[in-house]
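Taking it in order: structure first as structure tokens, then the write-up.
Whatever order the structure lists ligands and atoms in, that order sets their numbers, starting from 1. In this chain, numbering begins with 1 at the start of the sequence shown.
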Amino acid sequence: MLRTFSQLLGEDRFIFYRYIGLTVLYAVLCGLSMVLLAMLLAQVLHGKHDQIITFLLLMILCIAVCWGLRRVVEQKGIQVGITVLSGARLRLGEHVASLPVGWFNQKNSAQFNHIVSQGMMAVAQLPAHVFTPLITSLITPIVIVVALFFWSPILGLMALIALPIFAFIFWLSAKIARYTDATYQENFAQTSQRIVEFAQAQSVFRAFNGEGNSRRFLDQAFDRQRRSAFKLIMLSSSAAVLNTWVIQIVSALLLILTLFGLTVTPFDQILLSELIATVVLLVLLCRFIEAITEVASYSEVLRGATAQLAAIQAIFDEKALAEVSVTQTLVDHSICFKDVYFSYDQESTQVLQGLNLNIASGSMTALIGASGSGKSTVAKLAARFYDADQGQVTLGGVDVKQLPYAQLTTQISQIFQDNYLFAGSIADNMRIGRSDANEAEMLAVLTQVGLGEMIADLPDGLNTLVGEAGARLSGGERQRMAIARALIKDAPILLVDEATAALDTQNQAIICEVLNRLRGKKTILVIAHQLSTIRAADHIAVLHQGSVVEQGTVTELSQLNGHYQHFVEKSHHVQGWKITGSMQAEV
Ligand SMILES: Nc1ncnc2c1ncn2[C@@H]1O[C@H](COP(=O)(O)OP(=O)(O)OP(=O)(O)O)[C@@H](O)[C@H]1O
């Protein structure tokens with residue numbers, strides 16, 4: 001937790017440590033005030049008037065310092081919170097910006113969004129609202145235990161033994177609650193997802209006349225949520241009861257022990273000093289128990305915020321791509337994969353297994369293979385969405401890891417499946433491709449992708465707003481905008497996923513036309529799904545389970561009677577191979 005706070009605060013972390021130091025000092029002084037009160041009480045009961053003034057003055061001084069310090073601690077706690085909200089979001093944002101592009105999937109983006117909004121708010125409130133009372137409630141009993149040792153070593157020892165017992169019980173109940181809470185949250189999220197899905201997929205359900213059956217998923221999710229909510233209630237309440245029982249049992253034992261000395265002695269023989277000691281000990285013990293109970297109540301709040309801190313820490317733990325600043329000289333625009341191994345995460349199997357592939361500068365290479373064989377992964381590694389686990393990916397003879405990010409991005413244009421349009425105008429979106437593109441250049445490229453007429457009909461032309469994620473455009477128009485954006489960038493290397501064109505036949509034709517026009521002028525790596533594209537390629541590489549099993553020209557591969565031929569001939573029988581009916585007709 002301290003590590004996460006330090007990382008969030010960066011160079012401002014000293015304000016956090018200063019706040020923690022002041023809070024500990026405040027807590028010790030609070031405990032001392034209690035001890036001084038008990039000592040003053042003893043002096044009063046003993047009638048030692050000369051000492052009373054000394055203890056009274058000491059106690060007043062201690063309380064006065066506590067009051068002053070409390071104000072400072074509050075201010076510093078709020079200052080830490082404000083710094084978390086202002087600087088830490090930026091720090092987390094900077095870290096996220098340095099992560100591989102591949103990290104930005106739907107799940108991670110949604111979680112990041114949640115963390116910078118609600119999560120940061122919960123974390124920012126921790127110092128002032130949780131840390132101060134929690135640290136005070138933890139330190140006060142320790143000061144009191146030390147004082148108890150002076151009054152009664154046996155009671156001191158009992159209280160000392162009680163502390164780890166309390167700590168264990170709080171830890172145990174927090175663990176139970178954390179487990180049930182996590183299950184409940186997961187089921188809750190799944191139910192929400194199902195509800196949205198149920199609403200969004202109404203047209204499909206109704207088209208298949210299956211609304212009744214479709215409720216099955218929703219009902220199952222509700223059922224799981226209901227069961228986990230019941231479990232959460234049962235276990236959370238049991239954990240809370242367990243806390244209270246243990247505190248009460250141990251407290252009762254301590255009180256019984258305190259009173260024991262009094263009861264074993266005949267009443268007429270009770271020494272005044274013993275009576276006084278007992279009263280003082282009771283005062284101290286009550287404060288001790290009260291503080292421990294406060295710890296229990298704050299541990300719940302802390303647990304909620306700890307989950308947010310853990311999520312923040314998980315993002316900080318994501319390895320950033322090593323960034324270099326020296327611009328490199330590229331010998332050409334070739335791409336080369338040398339013995340590349342790659343898996344998306346440590347638990348999953350290796351997607352690329354010793355992949356070797358040479359894409360010559362200015363050539364067009366078609367990647368083909370069964371669904372899941374790793375074609376998109378190859379393209380993503382070329383664009384350095386991820387780094388290879390082993391082996392090397394080079395661009396123009398230079399390892400992509402040695403290329404500054406700015407240099408790499410100027411080299412590559414991508415037409416991938418998940419193209420995002422921003423909520424600005426058509427021109428704004430085009431200028432993401434090339435910031436200095438003028439209107440004539442934009443219109444020329446937009447016309448190439450078949451959007452010329454549409455834009456001419458729009459009253460605001462290029463200044464027409466496309467809506468959130470391009471929502472005011474049709475699916476096909478969005479794809480064509482994304483293709484135009486990639487083309488206006490005019491980078492020497494073009495990575496294309498032909499499945500992008502699957503939205504409509506017009507887009508397929510556009511992709512085909514783009515590839516024909518750019519062939520020989522740029523290095524093109526295309527994840528090919530059309531036989532016409534495969535035939536037009538200078539080089540074809542067949543991927544199977546993460547490695548290139550066959551490569552060469554169409555003629556060479558046709559003569560081999562191997563994977564490629566098998567792919568073409570058996571495509572309509574083999575599940576998962578991406579080939580269209582029209583392709584088969586052409587074979
Ligand atoms: N972001 C990801 N996280 C984890 N695994 C992934 C991720 N993306 C792809 N994979 C897995 O990696 C393997 C290869 O996927 P990839 O998309 O590269 O295959 P592909 O040949 O392009 O498939 P397709 O033709 O269906 O698009 C698959 O098993 C897939 O499940």
Test of proximity, [X] against ligand 1: N or O pairs below 3.5 Å:
| X | answer |
| --- | --- |
| Gly372 | yes |
| Ser371 | yes |
| Asp345 | no |

Quiz prompt | Sequence neighbours excluded, every pair satisfying side chain to side chain donor-acceptor pair (under 3.5 Å) that has a member inside residues 393-408 | solution =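 Every side chain to side chain donor-acceptor pair (under 3.5 Å) pair that includes a residue of residues 393-408, provided the two are not neighbours, is Gln392-Asp399.
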Taking only heavy atoms of [X], which atoms of ligand 1 are found under 4.0 Å from at least one of them?
| X | result |
| --- | --- |
| Ser373 | 19 (O), 21 (O) |
| Val351 | 12 (O), 13 (C), 14 (C) |
| Ala370 | 21 (O) |

Quiz item: Relative to ligand 1, is Thr377 under 4.0 angstrom through side chain, backbone, both or neither, heavy atoms considered?
Solution: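 Contact part for Thr377 vs ligand 1: both backbone and side chain.
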Is the backbone N or O of [Y] less than 3.5 Å from a side-chain atom of [X], with the two atoms forming a donor-acceptor pair by type?
| X | Y | answer |
| --- | --- | --- |
| Ser334 | Ser361 | no |
| Asp317 | Ala314 | no |
| Thr365 | Leu525 | no |

Quiz item: Would you find more than 12 non-hydrogen atoms of other residues, nucleotides or ligands less than 6.0 Å from Phe230 atom CZ?
Solution: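 No, CZ of Phe230 has 12 or fewer neighbouring heavy atoms, counting only those of other groups under 6.0 Å.
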Quiz prompt | Qualifying salt bridge (Lys or Arg N to Asp or Glu O under 4.0 Å) pairs with a residue from residues 513-534, counting only residues at least two apart or across chains | solution =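 Matches after skipping sequence neighbours: Asp490-Lys522, Glu513-Arg517, Arg519-Asp538.
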Exercise. List the steps, then state whether ring-ring contact (aromatic ring centres under 6.0 Å, His included) holds for Tyr344 with Tyr386.
Key: CA-CA 9 Å; Tyr344 280 94; Tyr386 303 94; 5.1 Å; yes
Practice problem: Decide whether the shortest distance between a heavy atom of Gly369 and an atom of ligand 1 is less than 4.0 Å. | Solution: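 It does not; every heavy atom stays at 4.0 Å or beyond.
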Exercise. Look at ligand 1 and say whether Gly546 reaches it with a heavy atom at a distance under 4.0 Å.
Key: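 The answer is no: ligand 1 sits nowhere under 4.0 Å from a heavy atom of Gly546.
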